[in-house]
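Note that the structure is predicted; figures quoted are calculated from it, not measured. Sequence lines set the chain letters: A, B, ... in the order given, protein chains first and strands last, and positions in each chain run from 1.
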Amino acid sequence: MDKDWRQQIIPLLPPPLQKAVAALKPPIISRLEEMRLRAGRPLILETDAGENFLGLKGLVTEPFQAYLVTAEDLHHILLQMTEFSLYARDEELKRGYLALPGGHRAGFTGRVVLERGEVKLLRDFNSINIRIAREVKGAALGLLPHVYCATKKRVRHTLLVSPPQAGKTTMLRDLARLLSDGDPQSGRPGFKVAIVDERSEIAGCYQGKPQLDVGMRTDVLDGCPKAEGMMMLVRSMSPQVVVTDELGRPEDVRAVEEVVNTGASVLTTAHAYDVQELIRRPSLAYLLKNGLFQRVIMLSRRRGPGTIEKIYNGAELSQWLQTEERNVG
Amino acid sequence: MLAKCVGALCILSASLWWSNLQIAKLKARVRQLEAFRLGLRLLAAEVGYTATPLPRALKQVAKQLGVESVSAFFQAVCRNLQEEKFSDATGAWLAAIEAKREHLQLTANDWMILSRAAAGLGGLGRDDQLKQLAAAETQLAAQAAEAAAAFAGSEKMWRYLGILSGLAVVILLL
């Protein structure tokens, strides 16, 4: 996988940067998470250990020694990523990202052009963030006993919660894979899993094909808004488990309730540092108070991405929240 | 006497050949302009309906064109992009124009319109890209209509010119 990301990302870079990135040494190759290219500013490589500045001859210690990214570099990268065809990736660019081969993603910032109050397109790009996809098979093995109920042979409705970049999506992806593939030796069946991958982060689809392993019984709806996607999947793919990332909007919550009513299980995530922050969001608070989620799992980066901090029983959490609400009232 | 007859026949054949060549060039220009129009429409369909990336779209267009010289142009643009010699599609398109100019019967005006078709190629959003291709196709349509009219008006003229100029040379030499 480490060698793969270089084969996929390096051809997209301008020639001077290709050499510099190709010459990176092993520790940083396997730990690289993001490549930050900002016009007129130093090139920064982000790893799980922190940031590094990259010069044309290799890593440097001071920002002023690093390669200064130019607007032409950004333009070159954009054209390479879109195969000289911005029109072909209109919708993604409007949302500020591009899916890349290998499941990687590039995020963009620039000038937004609005039409009737909606984003029509993004132009005059001023930065690109290339996020390296890290597929960690087995990352979610520790979560499996809490998500899968062996006695009822069912998947529990589960919410994974963490701050940004703490491994929620990596865990979610691995859970989807584990549940989809099953394990005949232990008697765990394979489930029909359906993923609504609104931002192509879970399955990393490129040209419609999942670039990351999400399991053999998994169907992926790529680039579709969550609420519509969940409805489409339950109507057409008869899923036993519906997976989606970053729940939050009221329409997403209504869709989750509909999915649960069909008998399918829901696996999803939300951003928050703790339960208190979580319940400040009305739509999530509604779901938690009604006990929709049977498990709420708090993750962090404390001992590396995907560190399990706490696992809540959904029913107990619901009772606690209702008690708290009565006490406050 | 025999030599004079043979010589006269050679002169007449040469002048007829030359006049037919002019007619063929005029006819070829019409066919090539129509083929470029079709090519731009096919490219617009690839862009508008399937959002096919440019290299593949150009290859598809080249496959569907019946005029080999124009098909070769689209293939050349595709090759220029794939060999990564150019930083954008505009450069690849203009380089193909330079490479294929001698193989086609287009006028300077025709080439100017085709060069303008390259502006922003691949660098625009879908709507703007389609508008730009449609504008180029409309301009080429005008050129094609002018070329067809010129051909229709000139064909007979060139045929008579071929025969009469050949006869005039024969008579002068006799």
Side-chain angles (χ1 to χ4, degrees), chain A residues 7 9-19 69-101 106 108 110-116 118-125 200 205-209 222-223, chain B residues 39-62 73-97 117-137:
Chain A
Q7 284 172 352
I9 300 298
I10 286 175
L12 304 173
L13 303 173
L17 288 180
Q18 286 186 3
K19 291 190 189 123
V69 179
T70 65
E72 289 73 30
D73 290 334
L74 297 183
H75 187 64
H76 175 102
I77 293 169
L78 179 62
L79 286 179
Q80 290 295 321
M81 285 179 176
T82 58
E83 294 181 78
F84 302 97
S85 316
L86 261 65
Y87 61 80
R89 314 292 290 275
D90 249 354
E91 286 301 312
E92 285 172 278
L93 285 170
K94 239 195 308 196
R95 293 194 282 254
Y97 74 88
L98 281 178
L100 303 174
F108 295 85
R111 181 166 173 75
V112 170
V113 175
L114 295 174
E115 190 174 74
R116 293 189 207 107
E118 287 190 358
V119 176
K120 183 188 172 191
L121 54 96
L122 201 58
R123 50 175 273 201
D124 299 335
F125 298 96
S200 306
C205 285
Y206 179 70
Q207 293 176 351
K209 300 187 201 95
D222 184 53
Chain B
L40 290 179
R41 285 202 299 273
L42 290 171
L43 191 59
E46 293 286 342
V47 166
Y49 290 115
T50 52
T52 311
L54 217 42
R56 262 175 281 149
L58 290 162
K59 210 181 261 187
Q60 279 296 109
V61 169
F73 170 82
F74 283 92
Q75 284 172 357
V77 182
C78 173
R79 225 175 9 254
N80 287 345
L81 285 175
Q82 288 175 331
E83 287 167 12
E84 294 178 20
K85 293 180 192 160
F86 301 92
S87 57
D88 57 26
T90 302
W93 181 281
L94 292 174
I97 286 178
L121 187 64
L124 302 170
R126 195 180 300 193
D127 291 344
D128 290 335
Q129 188 70 84
L130 290 174
K131 281 183 200 158
Q132 192 248 5
L133 289 170
E137 197 263 321

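From Phe84(A), atom CZ reaches atom CG of Leu81(B) across 5.0 Å, with rounding to the nearest 0.5 Å.
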Donor-acceptor pairs under 3.5 Å, chain B to chain A, main chain and side chains both?
{"residue": "Thr52(B)", "atom": "O", "partner": "Tyr87(A)", "partner atom": "OH", "Å": "2.7"}
{"residue": "Leu54(B)", "atom": "N", "partner": "Ser85(A)", "partner atom": "OG", "Å": "2.5"}
{"residue": "Leu54(B)", "atom": "N", "partner": "Tyr87(A)", "partner atom": "OH", "Å": "3.3"}
{"residue": "Arg56(B)", "atom": "NH2", "partner": "Glu83(A)", "partner atom": "OE2", "Å": "3.2"}
{"residue": "Gly122(B)", "atom": "O", "partner": "Leu86(A)", "partner atom": "N", "Å": "2.8"}
{"residue": "Leu124(B)", "atom": "O", "partner": "Tyr87(A)", "partner atom": "N", "Å": "3.2"}
{"residue": "Arg126(B)", "atom": "N", "partner": "Asp90(A)", "partner atom": "OD2", "Å": "2.8"}

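Only the backbone of Leu124(B) comes within contact range of chain A, with at least one heavy atom under 4.5 Å from a heavy atom of that chain.
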